[in-house]
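Order of the sequence lines fixes the chain letters, A, B, ..., with proteins taken first and strands second; residue numbering starts at 1 for each chain.
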Amino acid sequence: MPELPEVEHAARTLRRLALGRRIVAVALDARAPRLFRPDGPAAFRRAVLGARLVAVERHGKQLLLTLEAGEAPGRLVGVNAHLGMTGRWTGGPAAPPPTHARASLSLDDGTRLHYDDPRMFGRLRLVPGADFAALPGLAALGPDPVRHGLDAAGLQAGLARTRRPVKVALLDQSLLAGVGNIHAAEACWRARLDPRRRADRLTGAEAAALARGLRATFRFALAKLDGGEVVYIEAGGENPFHVYDRAGARCRHPGCPGTVRRIVQAQRSTYFCPRCQR
DNA sequence: ACCCGTGTTCGCTG
DNA sequence: TCAGCGAACACGGG
């Protein structure tokens, strides 16, 4: 499920259910050791059992959980959580584990917190001392367009460093942290920008339109999440997006007679309207 | 059976 | 040296 808006939703869920709470029991799926790389599930259990969740932050698609160790108040342990392709956090009072619960945490107020992830592309990585800045992967992230803001000049400067197609460049987390395959396509559509255009050849006006498109598609998704709606593609769900997964449909820009097309870029589907996206 | 998938990482190539 | 590319990871749904 995760691009920036869904990860922000996960952060809010974790704060609402677990901030300030102590973890009193930990159940881990023995078939999912890869989620706990590099230290392994046993080390994860040791580190978080008895600890209290004191902060939940987000940078792009990365969740940064800070816990205070139970037996030594003041000693911090961090968890860098990533949802991969199919991860999500659920829970509630006595909530039963979902089908693919890989980690289930019992909290000191009776809340059950579950990390659900069928494909196991996610990660729950221990960070000693909660020193997230020391993680190379996190240090390499670009600015978070929601938390840090997004200016057109900065975006254009970043895009100027690569000759790849603009939609492929947007997926590079060192350019901006949090843009994924859906919102990259949505932002290009909103900017009426052809996703195949070379990133280093955008005009200032085009970069500005793209920055507005990114802001708008994230705001759109976050508003839906605030309203309790599901804003990712799921079985039986209605597609809330404008071009993503709409191949063959009429372009939703008013008055545009174009038809949405699917192409493949960097092994990922791209959806766009060849008529109005130039 | 076959293809597709909201993400990342690794190894190869030029 | 490094940007760019393709495979790999793993499982469920259409």
Side-chain angles (χ1 to χ4, degrees), chain A residues 1-11 29-38 58-63 80-89 98-102 115-125 135-142 144-146 158-189 195-196 198-201 214 217-218 220-222 224-225 229-248 262-271:
Chain A
M1 32 177 319
E3 293 187 33
L4 187 153
E6 291 75 36
V7 181
E8 175 60 25
H9 183 65
D29 183 348
R31 293 166 304 175
R34 55 176 281 111
L35 288 181
F36 304 95
R37 286 170 299 157
R58 180 189 62 74
H59 188 156
K61 303 171 193 173
Q62 306 284 346
L63 286 168
N80 170 211
H82 195 290
L83 302 174
M85 287 278 265
T86 54
R88 60 177 188 159
W89 286 92
T99 310
H100 300 286
R102 307 303 186 181
Y115 177 62
D116 182 47
D117 189 357
R119 285 174 74 179
M120 298 189 287
F121 285 174
R123 172 120 25 159
L124 292 167
R125 180 206 300 260
L135 279 186
L138 293 185
L141 292 177
D144 182 298
V146 168
L159 291 171
R161 289 190 273 107
T162 178
R163 300 156 65 93
R164 295 139 95 198
V166 60
K167 187 262 184 175
V168 176
L170 286 173
L171 299 180
D172 184 343
Q173 301 299 294
S174 71
L175 173 69
L176 290 175
V179 183
N181 200 42
I182 291 178
H183 289 286
E186 294 289 297
C188 288
W189 178 82
R196 301 168 294 186
R198 261 178 59 165
D200 58 352
R201 296 212 177 136
L214 285 163
T217 191
F218 285 143
F220 169 81
L222 284 166
K224 290 222 167 200
L225 286 165
E229 287 188 56
V230 172
V231 288
Y232 49 89
I233 303 290
E234 66 170 14
E238 191 170 328
N239 179 0
F241 302 110
H242 295 286
V243 279
Y244 183 80
D245 201 27
R246 291 191 183 276
R262 174 186 180 271
I263 61 173
V264 174
Q265 296 179 293
Q267 304 175 295
R268 316 294 305 277
S269 288
T270 296
Y271 299 90

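Using a 4.0 Å cut-off on heavy atoms, none of the residues of residues 165-178 of chain A approach DNA chain C.
Under the ring pair (Phe, Tyr, Trp, His ring centres under 6.0 Å) criterion, A:Phe36 pairs with A:Phe44, not counting sequence neighbours. Annotation: salt bridge (Lys or Arg N to Asp or Glu O under 4.0 Å) contacts of A:Arg164 (sequence neighbours excluded): A:Asp172. In this view, A:Ala32 and A:Asp29, A:Leu35, A:Arg102, A:Met120 satisfy the side chain to side chain contact (heavy atoms under 4.5 Å, CB included) rule, not counting sequence neighbours. Checked against side chain to side chain contact (heavy atoms under 4.5 Å, CB included), A:Asp144 has the following partners two or more places apart in sequence or in another chain: A:Leu4, A:Arg58, A:His59, A:Val146, A:Arg147, A:His148. With sequence neighbours left out, A:Arg196 forms a side-chain hydrogen bond (donor to acceptor under 3.5 Å, both in side chains) with A:Asp194. Taking A:His242 as the reference, A:Trp189, A:Phe220 meet the ring pair (Phe, Tyr, Trp, His ring centres under 6.0 Å) condition, with sequence neighbours excluded. With sequence neighbours excluded, no residue forms a side-chain hydrogen bond (donor to acceptor under 3.5 Å, both in side chains) with A:Arg34. Not a single salt bridge (Lys or Arg N to Asp or Glu O under 4.0 Å) links A:Arg119 to another residue, sequence neighbours left out. Scanning for side-chain hydrogen bond (donor to acceptor under 3.5 Å, both in side chains) contacts around A:Lys167 gives A:Asn181, A:Thr270, with sequence neighbours left out.
Listed nucleotides B:dT6, C:dG4, B:dC4 differ in distance to A:Arg262; the shortest reach to its side chain belongs to B:dC4.
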Item to complete: Could you summarise the pairing of DNA chain C as dot-bracket text, marking Watson-Crick and G-U pairs under 3.5 Å with ( ) or [ ] inside the strand and | across strands?
Response: .||||||||.||||

Grab the N/O contacts between the protein and nucleotides 8-12 of chain C below 3.5 Å, and write none if there aren't any.
unit_1: C:dA10; atom_1: N1; unit_2: A:Arg119; atom_2: NH2; d: 2.6
unit_1: C:dA10; atom_1: N3; unit_2: A:Arg119; atom_2: NE; d: 3.1

